[in-house]
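One structure is given here, and the rest of the page talks about it.
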2 protein chains.
Amino acid sequence: MATIKDVAKLAGVSVATVSRVLNDYDNVRGETVQAVKKAIKELDYHPNFLGRTLRRLETTKILVVVPTISNQFYSRVVKGIQTAALAEGYHAMIAITNSDPVVEKEFIDMAKRKLVDGTIFLHTTMDAGKLSKFAASYPAVSSCELVPEADISTVSIDNFQAALDAVRFLIEQGHQRIAFVCAGELYHSSQLREKGYRAALEEAGLPFRPELIFNEGFTFNAGRRAAKRLLELPELPDAVFATSDSAAIGVISELSNHGLHVCEDISVMGFDNNQIAEYYLPSLTTVSQPQFDIGHKACELLIKKIRDLACENECILLPHKLEYRNSVKKRRVL
Amino acid sequence: MATIKDVAKLAGVSVATVSRVLNDYDNVRGETVQAVKKAIKELDYHPNFLGRTLRRLETTKILVVVPTISNQFYSRVVKGIQTAALAEGYHAMIAITNSDPVVEKEFIDMAKRKLVDGTIFLHTTMDAGKLSKFAASYPAVSSCELVPEADISTVSIDNFQAALDAVRFLIEQGHQRIAFVCAGELYHSSQLREKGYRAALEEAGLPFRPELIFNEGFTFNAGRRAAKRLLELPELPDAVFATSDSAAIGVISELSNHGLHVCEDISVMGFDNNQIAEYYLPSLTTVSQPQFDIGHKACELLIKKIRDLACENECILLPHKLEYRNSVKKRRVL
DNA sequence: CAAGAAATTGTAATCGTTTACAACTATCAT
DNA sequence: ATGATAGTTGTAAACGATTACAATTTCTTG
């Protein structure tokens, strides 16, 4: 493998001059530049990044810690991150943790060991204390699934308001017994959405029924499990609000297996607005999150942090939107 | 940021000794080890990876070049890669190119500049010449979407045989007019599958009808477009074989919009066996690819290459399998 | 207790680059 | 011819680790 020395020797100049050519300095004579470029080509030389990185102490890489990429939600956020990163000359590297703290720790180590300039967490298993401490010493941003009380810049939607809006809509359509499929205490977003759900019931004067809360998770199978349990209730709900599109589809799938027609017999609403929400039959009424923008903004905040670790933390909420499709029964207009 | 020097000073030893402690050498006195570890803890020191990497000229990172992660197919392959990598002490980093040659080039540069030890392409925009040249100088493996004639280790399924099996199955179920939704010349896999499709027709003595070939692509919308065109045919086909599950679902969705019932009125078969194939209504009969295993094997081959760049190239074909579900009409048993 | 062996530690070179600084060359006004 | 100036180029010291080799200390044994 050719190094800068080989190039220097072949071009008959010093390594410093080669380096200057490589970095487009304008204080090198035209002829010299040509000679160096010729040597580079001849040797098929590619500067070793580690040398530069070590010297400059910057990698122009950022790490994105993701629980999974099977979920389209995250893949869209990642795309937003990557776009913003590229625009500023950074490269986004994705680390999939499967929410395994051990794996996550390994990747965080990469950040601590300066293999990347900064880290974006789309979900972390760290608690507020650990995360705050990490963010104090290394550029980092938390997004999507936040850690309450952590001292770090964040980007997400207003999960409380989004759920409130969704359930309000269901109520407006005449639904009263509304089941809620959520992911439990482990996910802050789920808790906030549950608060929104309750707030909507309360403002409409509807009773909160604990038996309609299904703490099963975000996945398709979680939705299925919830639907199975729900079908055993003495009285069926009018509507189901699931905190993810996957779970919503799991619900629909299971209800269909039992001969129920979603929309006609029972309404189902999702969350996220993944592609599947649009493509499913019936297409899914859902809460749309600006996934790309979330990623984009998170990356911008991170780069700000990379440039000035001491800069003020920002907590950004981006707007959500209801997406009206065919899984929710419309109020009959009299 | 603390460096090894700071630790050495605080512990009252040389940097060499600290390094030995860091790397678990057994020729350091117990007390010294303790002193060094204490200093490390006190300074919250994390060895800078770049120093080590530069010295050892290995990064223990591998790069996975992916066109997209929105497609579950790739995310499962990536999971296989990551698992195999971790088992050998490597970390997989994912680079999303959107099949943009410029972006891909940037990431390939990372490999050339030694920021990673090796590269796995799940799809590349390079031609055979470029890819072969790259693979000759840098550890690399090509997988999933291969480049014909390229000199590089590969892992995939036997796309010809898989399509042959699929179409044979459709024919066995009594279908005769079988449409084919594929991705055209850009994708070698698609071409091979078309050959398999033709071979199956031929061996059954069925005519090949060019008007039943729909070169639209792998996506949901590709499937929709194909279905739209297909609905304008003077005579409807009995079955549609799509080269991806997404496209198959696009077909189903569009056909449903026109009041056709998939399975009863027309059969649809997919390819890949993504989660959606199982979850869709109707669930999708499809060709299952061993996605995890493909990734796993590809990573193994890559690590072999990293350890010995000159080792023989291997071209591995993994077994596929038909997954029988509810989108294909069964032959009536008389 | 001396001498050699073994265990432990330190010194300094090294990986491939960047960059401060010095040094050299050419140009030009005086 | 001289000195100042600007434009090029080279020298050598970083960056933060690892590691060959040398040096030191400790242990063993006759």
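Worth knowing before you read on, the calculation uses all heavy atoms, side chains too, and leaves out hydrogens, waters and symmetry mates. Lettering follows sequence order; numbering is per chain, from 1. If you're wondering where the values come from, they're calculated on a predicted model, not measured in any experiment.
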D26(B) CG to dA7(C) C1', in whole Å, measures 11 Å

Phosphate OP1/OP2 of dT19(C): any R56(A) side-chain N/O under 4.0 Å: yes

*dG10(D) base to R20(A) side chain: any donor-acceptor pair below 3.5 Å?*
yes

Open item on the list: Cation-pi check for F49(A) against R113(B): NZ or CZ below 6.0 Å from the six-membered ring centre and within 45 degrees of the axis, yes or no?
Closed with: yes

Q. Under the 3.5 Å rule, do the base of dT17(C) and the side chain of R55(A) count as making a donor-acceptor pair?
A. no

- request: For dT9(D), take OP1 and OP2 only and decide whether either is under 4.0 Å from a side-chain N or O of T32(A).
  value: yes

To the nearest angstrom, the CD1-C1' distance between I40(A) and dT17(C) comes to 13 Å

From CZ of F49(A) across to C1' of dT18(C) the rounded distance in Å is 13 Å

N27(B) atom CG is separated from dT24(D) atom P, nearest whole Å, by 18 Å

Of dT18(C), dT19(D), dC15(D), the nucleotide closest to the side chain of I4(A) is dT18(C)

In whole angstroms, the gap separating C1' of dT9(D) from CD of E31(A) amounts to 14 Å

task: Just call it for L57(A): base, sugar-phosphate, or nothing, with non-hydrogen atoms closer than 4.0 Å on any strand.
output: sugar-phosphate

Which part of the nucleic acid does S19(A) contact within heavy-atom distance under 4.0 Å: base, sugar-phosphate only, or nothing? base

**Asked** Phosphate oxygens OP1/OP2 of dT18(D): is one of them under 4.0 Å from a side-chain N or O of N23(B)?
**Response** yes

Exercise. Report yes or no: is the cationic atom of K114(B) (NZ for Lys, CZ for Arg) closer than 6.0 Å to the six-membered ring centre of Y138(B), at no more than 45° off its axis?
Key: no

Paired with H91(A), the side chain to side chain contact (heavy atoms under 4.5 Å, CB included) test is passed by just one of I62(A), L86(A), T59(A), namely L86(A)

task: Name the orientation class of the two ring planes belonging to H123(B) and Y187(B) (parallel below 30°, tilted from 30 to 60°, perpendicular beyond 60°).
output: parallel

*Under 4.0 Å between any heavy atoms, over every strand shown, what does N48(A) touch: base, sugar-phosphate, or nothing? Just pick one.*
sugar-phosphate

Worksheet item: Taking only N and O in the side chain of S14(A), is any of them less than 4.0 Å away from OP1 or OP2 of dT11(D)?
Response: no

Inset, instruction - Classify the nucleic acid contact of V18(B) as base, sugar-phosphate or nothing, counting any heavy atom under 4.0 Å across all strands shown. - result: nothing

Here the distance between atom P of dA13(D) and atom NZ of K5(B), to the nearest Å, is 13 Å

Q. Going by modelled atom types, is there a donor-acceptor pair between the base of dT17(C) and the side chain of R52(A) at under 3.5 Å?
A. no

Please tell me if Y25(B) has a side-chain N or O lying less than 4.0 Å from either OP1 or OP2 of dA7(C). no

To the nearest angstrom, the CG-P distance between L43(B) and dG16(D) comes to 14 Å

Using a strict cut-off of less than 4.0 Å between a Lys/Arg side-chain nitrogen and an Asp/Glu carboxylate oxygen, indicate whether K297(A) and D293(A) qualify as a salt bridge.
no

When rounded to whole Å, the CD to P distance for the pair E58(A) and dG16(D) reads 14 Å

Under 4.0 Å, heavy atoms only, any strand: does T17(A) hit a base, just the sugar-phosphate, or nothing? sugar-phosphate

| query | Ignoring hydrogens and geometry, is there a side-chain-to-backbone donor-acceptor pair from D151(B) to S132(B) under 3.5 Å? | reply | no

Sorted by position of nearest nucleotide on DNA chain C, 5' first, the leading residue of L54(B) and A16(B) is A16(B)

